[in-house]
Asker: 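Attaching a single structure in structure tokens format; questions to follow.
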Amino acid sequence: MIRAVMVINTLGKPRLAKFYEFQPVEKQQELIRSVYGVLSSRAETVSNFLDAESIFGPDTRLVYKHFATLYFVFVFDSSENELAMLDLIQVFVETLDKCFKNVCELDVVLNYSKMHTVLDEIIFGGQVLETSSTEVLKAVEEISKLETASNAISLVPKSVSSWRSR
Amino acid sequence: MSFAAFHVVELLSSTRFSHKKIAYHAASHSFDESTPVLVLITNQLRKDLSSTNELEVSLALECLSRIATVDLARDLTPEIFTLLSSSKVFVRKKAIGVLLRVFDKYPDAVRVCFKRLVENLESSDSQVVSVAVGVFCELALREPRSYLPLAPEFYKILVDSKNNWVLIKVLKIFAKLAPLEPRLANKVVEPICEHIRRTGAKSLLFECIRTVVSSLSDYEHAVKLAVVKIREMLVDDDPNLKYLGLQALSIVAPNHLWAVLENKEVVIKSLSDVDPNIKLESLRLVMAMVSESNVAEICRVLVNYALKSDPEFCNLILGSILSTCCRNVYEIIIDFDWYVSLLGEMSRMPHCQKGEEIEKQLIDIGMRVKDVRPELVRVSRNLLIDPALLGNPFLHRILSAAAWLSGEYVEFSLNPFELMEALLQPRTNLLPPLLKSIYIQSAFKVLIFSLNSYLLQRGSPASFSYSDKLLPDVPGLVSKRDIPECSDLASCDAPVLGKQDEGFNPRVLNQSFGDLSVEYGGEETSTCGQSSASASLKDSFTHESIINLLNRVELSVVPLTGSYDVEIVERARNVLCFIELIKPQMPDCLVQKEEGSDREEAEASKIIKLMHDAFSNDLVPISVNAQERVSVPDGLVLEENLEDLETICGDVQLPSLNSFSLGSSHFEETACVSIPIFQSREERGPSNESTSLLAEHRKQHGLYYLPSEKKDGDYPAANDLQLQANHNDDDDEDLAKITEQLLVPKKKPNHAKPRPVVVKLDGDQAPIAAGPHPKEDLLSGTVRDVLLGSETAPTTRSPTNRKGKEKLNVDSATDSKENLGDGEKRDQGNSSSRKSKHRNSTVSHSKGRRHRSPGKKGGEREEHGQKAMQKSSGRHKARQRAEVPLNVVSQTPVIPDFLL
């Protein structure tokens, strides 16, 4: 299964991190830091693999891709194919690109929730759910439609407003 | 964000989708098993799971796939079961995905959901199949055997599917199943080869290759095809493919080394790749290729690469050379001269940081392999003589090894004077104190050797005759003067001392002393023989040069007595005292030799002889178990409590300090100290600080003392090898005998020493294998149960009709097998006999099982119930369900019969 998905910018700031096995926040930060430490020292032309076992423990692999200012990192174990994971990163980025029309780091920062929606449609509980970006896009659009529809009615839900007025 | 956990729960119940989404998002990111409010969301999840809005359902499933606990999984299993047959693909695939987590947390869910999961494998929707296969892939990786009965379904997917993702997952499953069932491997190898030939997708191609080389490596044609494809990957421009190709090669390597050798050039060329991953992988492959015949060639290439590469990789290369070559006590090394010079070359590399390892191997080889010692000394000399090397702290360990070697095997040295210069050069002050003291000790050994050679050169007749002359005259003087000193300085050589123990027992003094001197004579001649190669160097031992040497040593060692380090001071003093003893007599005796001042000369030479003898015994490695093999002598009572020693030692402390302060004067006065000779020999290293009281005590309670303190006088880093001097004289010491048994043969040591590495490896692996078992057992047991149950019987069975069911099970298995056998004409011929045999064994097995089970039933059930209790923390429901299956686990032999 896929253990984690991270998007880190070239300065080491995590833009998205999703761990499919629960990790406390401190541990997440530490992992991201150490991944970035290795990533940043790698040249542009070299392979997209990283020795993950020293960071994530035995039976882990890591692939990454570098787009503009962002590193997309997938951590997984022996039940996934390395090249397929690289393809999956491609699918993920393509989908984001279609979602945001020429995706850039700022889109990722400002549309945190949508990023997660997209990712959740592709990877579900550590397993690859969907590999076609059009299918993903369809689902994501449906979700955002429903979201905006429900938002239009009232900005603050009852439960929250009642809690605020307490 | 545990402070906000409750608000998340509140928000979950919001009717607005956008808020619900935020809440679920927050929950899946921040909740874990220890979150206390988790119990509150069960109902909300249930509500959402049965919602009509598929997006809400999907939110709940997503959340569940990340945070499901035992309780949640148990309570929500019915809802998930319903969703498994949902008409909406969007929901169904997520429901399938969530099963992995649910099974993991609550194995009994398998009983409910497994059948539908299997049905989904045959779904017409490719997305659903993809997810279902993914789930099975995960499950099969954990415990493959349970999923053998599903092989037909997977096989169908393997042949029919066009989806690369699905194929990859199916291949992963077969990679696990094939080694378990040869018939299955036979069946899948063709389709996989077909995929290799046809596919354009690199990911699928690589997965096929990996499956072939890891699980189907017995099928020669498949492996050949895979290797062809691997080669294509290796020459690809894409570094990813190259890396994976190398990885695949390293999987092939253990079984099919030819595949690696075929691609030798590419592999070696990859060593200079820019990508560290590729370099590392190719280094591993190169090391896999190493054999007796090519080790020299490969190491040459690697060292050249190491010179060119960055420090980190350079050290990786050196490390792997070192570890490969020393494997199994230097199994693959034939030409040790070459290897030793390689070690020397490696130490000179600018980036070398493997000092410790090289040091260890130098010493180890020096002790194990006799023939290589001259070369070792030559290499050591080259290292020692270079002042620049002393500036590199990584090399200090190597230098200390070199110093020790050149001291220990100085007889092979071509020029001891040069060696002495190297050992005493001013830059040695850069060394840490411990290593510095090794230098001093080595210089001492070189000095003794030079003096001894000088004496020998001046005429062996004199040295042979001296003891005969002396013996009648002054036995007392000789023994008093020499022996304490000898035991003091030569503490590393226990057997020598042991020999002297006997020799200088006053009662048999005269007789045994005679023996001893004969022995000395014998050893001298052997020394002569050894160093005959360097006979010409003897000419250089002129009187003048010896005096110069003494002065030189004195000059450089004197300042060291002011050092702050005890070891250095101790050793420097040893050297100085020796020089002081020798020096006054040297000029006279040497000059007046012809005039017949025989006695003084003899005395000087005798001291030298003794010292030389002390250093000239071989050190050999000894088994770590040697001590255990020494049997306890009869009548020896080993006390467990040594408290009574305390009182005596307390008394001892004070006087010992006094005598320590005597310093060098103590040395000269040893002759006058009234210690009986047979006691002084026991004092060895610490004789400076010993007193007659302690000696007395040792005499009485000798067995409380360690027989020798080897580390004191010698090279510290070799301690762990438990050095034991080996001497060829017949001796009654058990330990010595064992040493001899373990003595290393000359060329290729087939040492009896047990390899701790191997033992450790076994120990390491065992717990790993045992670790996950208890947990997996439960899940896989349940899966097996359901799989077999679903083919034959309903899931709920009462123990009373179990017998009948089991029988039915066996029968139906037989039937299906026979049907299959008819269907598959080509298989029938060769495997029908095997099948029927197998069937028989199956039947008999379950019969035996049946006989046994009534008696054991109760106990077994209880046991299983306990397990389930542990798992689901004693919940009643779980226990009741867990009691049901049990017997099916025993039917595992039936499983293969469902195959294809």
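Within every chain, numbering begins at 1; the chains are lettered A, B, ... in the order of the sequence lines, protein sequences first and strands thereafter.
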Asker: Strictly by ring pair (Phe, Tyr, Trp, His ring centres under 6.0 Å), give each pair with a member in residues 62-99 of chain A just once, sequence neighbours left out.
Answerer: A:His66-A:Tyr71, A:Phe67-A:Phe72, A:Phe72-A:Phe92

Asker: Can you tell me how far the OG atom of B:Ser51 sits from the NZ atom of B:Lys20, to the nearest 0.5 Å?
Answerer: 7.5 Å

Asker: Would you mind telling me which of B:Ile173, B:Leu59, B:Leu61, B:Thr15 has the largest number of heavy-atom pairs within less than 4.5 Å of chain A?
Answerer: B:Leu61

Asker: Who among B:Val131, B:Leu55, B:Asp32 has the most heavy-atom pairs with chain A under 4.5 Å?
Answerer: B:Asp32

Asker: About how many Å separate CG of B:Asn164 and OG of B:Ser203, when rounded to the nearest 0.5 Å?
Answerer: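 Taking OG in B:Ser203 and CG in B:Asn164, the distance rounds to 5.5 Å.
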
Asker: Report which part of A:Phe49 has an atom under 4.5 Å of a heavy atom belonging to chain B: side chain, backbone, both, or neither.
Answerer: both

Asker: So which part of B:Leu171 gets closer than 4.5 Å to some heavy atom of chain A, the side chain, the backbone, both or neither?
Answerer: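 Neither the backbone nor the side chain of B:Leu171 comes within 4.5 Å of chain A.
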
Asker: Non-hydrogen atoms of chain B under 4.5 Å away: do they reach the side chain of A:Leu86, the backbone, both or neither?
Answerer: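 Interface part for A:Leu86: side chain.
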
Asker: Listed by residue number, which members of residues 271-280 of chain B have a heavy atom under 4.5 Å from any heavy atom of chain A?
Answerer: B:Val274, B:Asp275, B:Pro276, B:Asn277

Asker: Under 4.5 Å heavy-atom distance to chain B, tell me which part of A:Ala43 shows up: side chain, backbone, both or neither.
Answerer: neither

Asker: If you count heavy-atom pairs under 4.5 Å with chain A, which of B:His29, B:Arg101, B:Lys176 comes out on top?
Answerer: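 The answer is B:His29.
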
Asker: Counting only non-hydrogen atoms closer than 4.5 Å, does B:Asn53 touch chain A with its backbone (N, CA, C, O), its side chain (CB onward), both, or neither?
Answerer: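 Looking at B:Asn53, just its side chain touches chain A.
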
Asker: Give the member of A:Glu121, A:Glu21, A:Glu142 that has the highest number of heavy-atom pairs under 4.5 Å with chain B.
Answerer: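 Result: the option with the highest number of such pairs is A:Glu121.
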
Asker: Does any heavy atom of chain A fall under 4.5 Å from the side chain of B:Glu54, the backbone, both, or neither of them?
Answerer: side chain

Asker: First locate atom CZ of B:Phe174, then atom CG of B:Leu167, and finally report the distance between them rounded to the nearest 0.5 Å.
Answerer: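 Result: 10.5 Å between the selected atoms.
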
Asker: Less than 4.0 Å between a side-chain N and a carboxylate O, is that true for B:Lys21 and A:Asp120?
Answerer: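 No, this pair does not count.
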
Asker: At a heavy-atom distance under 4.5 Å, which candidate from A:Ala139, A:Ser78, A:Ser113 has the highest pair count against chain B?
Answerer: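 The residue among A:Ala139, A:Ser78, A:Ser113 with the greatest pair count is A:Ser78.
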
Asker: Regarding B:Arg210 and A:Glu82, does a basic nitrogen lie under 4.0 Å from an acidic carboxylate oxygen?
Answerer: yes

Asker: Counting only non-hydrogen atoms closer than 4.5 Å, does B:Lys202 touch chain A with its backbone (N, CA, C, O), its side chain (CB onward), both, or neither?
Answerer: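 Backbone plus side chain of B:Lys202, per the 4.5 Å heavy-atom cut-off to chain A.
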
Asker: Using 4.0 Å as the upper bound for N to carboxylate O, is an ion pair formed by B:Arg92 and B:Asp125?
Answerer: no

Asker: Could you state the interatomic distance from CD1 (A:Ile143) to OG1 (A:Thr148), rounded to the nearest 0.5 Å?
Answerer: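 Here the rounded value is 11.5 Å.
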
Asker: With a 4.5 angstrom heavy-atom cut-off, is it the side chain or the backbone of B:Glu207 that approaches chain A, or both, or neither?
Answerer: both

Asker: Rounded to the nearest 0.5 Å, what separates atom CD in A:Glu94 from atom CG in A:Asp97?
Answerer: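 CG of A:Asp97 is found 8.0 Å from CD of A:Glu94.
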
Asker: Does the ring center of B:Phe154 lie less than 6.0 Å from the ring center of B:Phe136?
Answerer: yes

Asker: Sequence neighbours left out, what passes side-chain contact (heavy atoms from CB on, under 4.5 Å) with B:Val9? Give chain and number order.
Answerer: B:Phe31, B:Val37, B:Leu40, B:Ile41

Asker: Do A:Lys138 and A:Glu130 sit within salt-bridge range, that is, some charged N less than 4.0 Å from a carboxylate O?
Answerer: no

Asker: Looking at B:Glu33, B:Lys242, B:His25, which has the largest count of heavy-atom pairs under 4.5 Å with chain A?
Answerer: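 Between B:Glu33, B:Lys242, B:His25, the count favours B:His25.
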
Asker: Answer with side chain, backbone, both or neither: which region of B:Glu56 has an atom nearer than 4.5 Å to a non-hydrogen atom of chain A?
Answerer: neither

Asker: Applying salt bridge (Lys or Arg N to Asp or Glu O under 4.0 Å), can you list everything that pairs with A:Glu80, at least two apart in sequence or on another chain?
Answerer: B:Lys169

Asker: With a 4.5 angstrom heavy-atom cut-off, which part of B:Leu241 approaches chain A: side chain, backbone, both or neither?
Answerer: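 Side chain of B:Leu241 only, per the 4.5 Å heavy-atom cut-off to chain A.
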
Asker: So which part of B:Tyr243 gets closer than 4.5 Å to some heavy atom of chain A, the side chain, the backbone, both or neither?
Answerer: side chain

Asker: Rounded at 0.5 Å granularity, tell me how far CD1 in B:Ile96 sits from CD1 in B:Ile80.
Answerer: 12.0 Å

Asker: Validate the cation-pi geometry between B:Arg66 and A:Tyr20: distance from NZ or CZ to the six-membered ring centre under 6.0 Å, angle to the ring axis within 45°.
Answerer: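 Judged by the rule, B:Arg66 and A:Tyr20 form a cation-pi pair.
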
Asker: Under a 4.5 Å heavy-atom cutoff, which of B:Asp238, B:Leu204, B:Val135 has the most pairs with chain A?
Answerer: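 Heavy-atom pair counts peak at B:Val135.
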
Asker: Name the region of B:Ser30, side chain, backbone, both or neither, that has any atom closer than 4.5 Å to a heavy atom of chain A.
Answerer: backbone

